[in-house]
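Data first, discussion second: the structure below is written as structure tokens.
We name chains A, B, ... by the order of the sequence lines, and we start the count at 1 in each one.
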Number of protein chains: 2
Amino acid sequence: MSMLEKSWLILDSFRPTGGPLRLADVSARCRLPKTTTHRLLAELAELGAVDRQDDGYILGRALFELGSIVPLERDLRDAALPFMHDLYEATRETVHLAVRDGLDVVYVEKLRGHEGLALPSRVGGRLPLTCTGVGKALLAFAGEQLIEEVLGRPLRRLTPHSIVDRSRLEESLVSAQQTGLAYERQEAQPGSACVAAPVFRDGVCVAALSVSTPIARFQPARLAPAVKTAALGISRALARHTPPR
Amino acid sequence: MSMLEKSWLILDSFRPTGGPLRLADVSARCRLPKTTTHRLLAELAELGAVDRQDDGYILGRALFELGSIVPLERDLRDAALPFMHDLYEATRETVHLAVRDGLDVVYVEKLRGHEGLALPSRVGGRLPLTCTGVGKALLAFAGEQLIEEVLGRPLRRLTPHSIVDRSRLEESLVSAQQTGLAYERQEAQPGSACVAAPVFRDGVCVAALSVSTPIARFQPARLAPAVKTAALGISRALARHTPPR
DNA sequence: TATGACGTTCCGTGGGACGGAACATCGATC
DNA sequence: GATCGATGTTCCGTCCCACGGAACGTCATA
């Protein structure tokens, strides 16, 4: 394993919180000798990729800066933000934008007001495709091949309400394909629910948008049209800003 | 120079746009032999830190994910977002949150609506402290030592309106210290202006908040109180969420 | 004082990073 | 189609420096 791979392993070991982690923690997580970990952490600190603090190491600002300019996510975000705003104002509920990576959703942007509920999602964080509204929207429009791959594996469960039954999942994916809307009720987090809609660029589903509320005040009929409108707006904005090559 | 340093140099060379860059571009920017650049790019691609595309390399999603969970920026962002929202709704103008790094401001979050003007700022991007509203707010409350260091160097200029006169800068910093507000008119970008206010945690200025508008409709009297209220709200939220160690 | 957990320094060894040279692959120009 | 320049890629011998075990320093707690 090269020096680079090891360093990457070390940075990755800070997930999902970003730290703080002690030398011993990092060393254990990466299964690297203490000495090696120590040296690499020192070098990474030199570069600003990690910061030393009294209580251990945390990921550093330089990483934040680099991460912020990653083109794919940045373009999507820039195009989506104004519409996410509209959606927030129309609903006053937490708004998420996410993309797919493998069998996970990766959250790209999150908007919430003062009363926003505590959700397990964080920007840059991952959750299983099948446990979230955005995930189901992304999956439904990702093509048969991926759907079959997901159905071929045991479904992950985050709460007692997470879908683990294949036919129920298939059913909800078909419904999403037909209506352009995916629902989720307490499948990712007890007490919260959401409606999600896919976002397209050049006919390909590249992201999904959702609105989450406490289950107690979940009003799909009110939220669904707003989500759909916003998602459509983003799709149009993407088409406008990125001329086909 | 170690392998790690070189790789970092390569990633850094993608600033400020994130790419796409061709092998030859990267090699030239880093002053590294073509061969070495080629090998390192291949390894970075393997890790997901960069993506290969037909027209060159771009920074990859893995970097985005890591950058998103950097604790310092994330905490600040989480605390600030609801208040930035309020500010946007009260003013309907582009809202910025930034921190200081050395003699630059680094933008941490940006909120804008459909009609938001094209600004040179981007999240994760840098601008000189003295050319921006947030920069002046950060500088004014960063301590005498830093102020003197800045005054001791030639002031950078982005537009014909950028402040290059030491006494004028000093004056505006004193004014910021007294009023808790910093102004900027066409000093970073022709045609735009802003008002900024500092954000404190444990009595230390850790960030600054601003509202930017086209100079034509710039109404400091209307914007200033809103910015100040929002900045104060963030300071309080930070104090609430992070118990003093 | 003994004991353990943790971070740090030291240093001999061996693997792999290094980069020059040569090759491959394209367009452009004549 | 021959020549050229610019680009990306492969090859491989040299040599350096990354590696990690061992030993040490420094705190806590028993």
- Whole angstrom is fine here: how far is it from CG in B:L4 over to P in D:dC17? 14 Å
- Task: Report which part of the nucleic acid A:R22 touches: base, sugar-phosphate, or nothing (heavy-atom distance under 4.0 Å, all strands).
- Result: sugar-phosphate
- Quick one: is A:H38 getting a side-chain N or O under 4.0 Å of the C:dT8 phosphate, OP1 or OP2? yes
- Message: Could you check whether B:D12 pairs with B:R15 (Lys NZ or Arg NE/NH1/NH2 to Asp/Glu carboxylate O, under 4.0 Å)?
- Response: yes
- Task: Figure out the CE/C1' separation between B:M3 and C:dG16, and round it to whole Å.
- Result: 9 Å
- Query: Nearest to the side chain of A:L23, which nucleotide is it out of D:dG8, C:dC18, C:dG7?
  - Reply: C:dG7
- Message: With a 3.5 Å cut-off and heavy atoms only, can you find an N or O donor on one side and an acceptor on the other between the side chain of B:K34 and the base of D:dG8?
- Response: yes
- Give the C-alpha distance, both sets of side-chain angles, the deciding distance and a yes or no for side-chain contact (heavy atoms from CB on, under 4.5 Å) between B:V123 and A:F64. CA-CA 10 Å; B:V123 171; A:F64 170 81; 4.2 Å; yes
- Message: Does either side chain, that of A:S2 or that of B:E43, offer a donor lying less than 3.5 Å from an acceptor on the other one?
- Response: yes
- Message: Could you check whether A:R61 pairs with A:E65 (Lys NZ or Arg NE/NH1/NH2 to Asp/Glu carboxylate O, under 4.0 Å)?
- Response: no
- Message: Taking 4.0 Å as the cut-off, does a side-chain nitrogen or oxygen of A:T36 come that near to OP1 or OP2 on D:dG20?
- Response: yes
- Of D:dG20, D:dT9, C:dG20, the nucleotide closest to the side chain of B:T35 is C:dG20
- Please state whether the phosphate of D:dG20, meaning OP1 or OP2, lies under 4.0 angstrom from any side-chain nitrogen or oxygen of A:R39. no
- Closest to the side chain of B:E43, out of D:dG8, D:dG20, C:dA17, is C:dA17
- Note on the structure: In whole angstroms, the gap separating P of C:dG27 from CG of B:D54 amounts to 13 Å
